[in-house]
Amino acid sequence: MKIATFNINGIKARIDALPAWLKEAQPDVALLQEIKSVDEAFPRTVFEDMGYNLETHGQKSFNGVAILSKLPLEDVTRGLPGDETDEQARYIEATVMGDTAPVRVCGLYLPNGNPAPGPKYDYKLDWMARLYDRAKALLADETTFVMAGDYNIIPQAEDAAKPESWREDALFRLESRTAFRRLLNLGLTEAFRARTQGPGHYSFWDYQAGAWNRNNGIRIDHLLLSPQAADMLVDCQIDKEVRGRDKPSDHVPVWVDLAA
DNA sequence: ATGTCAACAGTATGTTGA
């Protein structure tokens, strides 16, 4: 089962690039972030005609997440538990009925948190604490799950071309990395690092200042696997070349292949 | 050289968020 995460930065703006990548990459499941659309405005038929089931959790203008799946989806839930007052659409879960095993997929768009410190950063850390609680609950049930999306976290210095320029940024400051480590230390496996070591692997290049041409990137899109899912890990890759195409998102897809 | 993009409100371009 091929499961991808992709921050598309607007479904309307990516209405050609996203289907083109889907046709070529053929993921069974695609977890999308920043659809920047309300549910009613999402162009469903484009994807349904390609054989995808579709579940959205949208919001006007900003944020918004979605799940595309060629396999049946069950038990869809929207929103990250733990704060009834949180109105930002950043989290969706569903169970994908695989041929050999069901897999719970959790699609997330973690808050950016800048400027840090400040209220936006407090929201980010609070959101990460809620995500920790959610992971802990899923682990307690021994659910096979993949928690994937735009984490807005640079895990280590080697995950940035210019780590010094991110030192006090909400994506890299110590409290952010600590919260991410804490999540991993529950017993989750960061899929990319389970298979590939070393610097120079990025999933985001800013639109500004020629970041792509200079390869000034950061790795902030991650797939975290439960122990059961980690046992099924076959491959994990970053589709880097997507960034160099027409009308690209500033992020590229990252995917895992699970023997599920 | 701080060199971009997307959505929105509301009609031209400024604001917001990344």
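Letters go in sequence order (proteins before strands), and every chain restarts at 1.
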Which pairs, with at least one residue in residues 133-145 of chain A and sequence neighbours excluded, count as a side chain to side chain donor-acceptor pair (under 3.5 Å)?
A:E93-A:R134

Applied to residues 241-260 of chain A, the ring-ring contact (aromatic ring centres under 6.0 Å, His included) test, sequence neighbours excluded, yields A:F204-A:H251

Does A:K247 put a side-chain nitrogen or oxygen below 4.0 Å from OP1 or OP2 of B:dC5?
no

Span that lies between the P atom of B:dA12 and that of B:dG17, in whole angstrom:
25 Å

Could you work out, with ring pair (Phe, Tyr, Trp, His ring centres under 6.0 Å) as the rule, every residue matching A:W212, not counting sequence neighbours?
A:W205

What is the distance, to the nearest angstrom, from the CD1 atom on A:I15 to the P atom on B:dA6?
13 Å

Would you list the pairs meeting side chain to side chain donor-acceptor pair (under 3.5 Å) in which at least one residue belongs to residues 22-34 of chain A, sequence neighbours left out?
A:T5-A:Q33, A:N7-A:E34, A:E24-A:R245, A:Q26-A:K70, A:E34-A:Y109

Find the distance between CD (A:Q88) and NE2 (A:H57) and round it off to the nearest 0.5 Å.
10.0 Å

I'd like to compare against my own output: the B/S/- annotation of nucleotides 10-18 of chain B with a strict under-4.0 Å heavy-atom distance to protein.
-------SS

Using only heavy-atom distances, determine whether the side chains of A:D169 and A:N114 contain a donor-acceptor pair under 3.5 Å.
yes

Atom C1', compared across B:dT15 and B:dT11: separation rounded to whole Å:
15 Å

Establish, with yes or no, whether the OP1 or OP2 oxygen of B:dA9 is under 4.0 angstrom from a side-chain nitrogen or oxygen of A:K60.
yes

Using a heavy-atom distance cut-off of less than 4.0 Å, which residues of residues 154-169 of chain A contact DNA chain B?
none

Could you give the distance separating B:dG10 and B:dT16 at their C1' atoms, to the nearest angstrom?
16 Å

Please tell me if A:R14 has a side-chain N or O lying less than 4.0 Å from either OP1 or OP2 of B:dA6.
yes

Side chain to side chain donor-acceptor pair (under 3.5 Å) involving A:W21 - partner list, sequence neighbours excluded
A:D239

Partner residues of A:F192 under the ring pair (Phe, Tyr, Trp, His ring centres under 6.0 Å) criterion, sequence neighbours left out:
A:H201

Distance, rounded to the nearest Å, where A:K12 contributes NZ and B:dC5 contributes P:
19 Å

Under the ring-ring contact (aromatic ring centres under 6.0 Å, His included) rule, what pairs show up with a residue in residues 137-162 of chain A, not counting sequence neighbours?
A:Y151-A:F180, A:Y151-A:H222

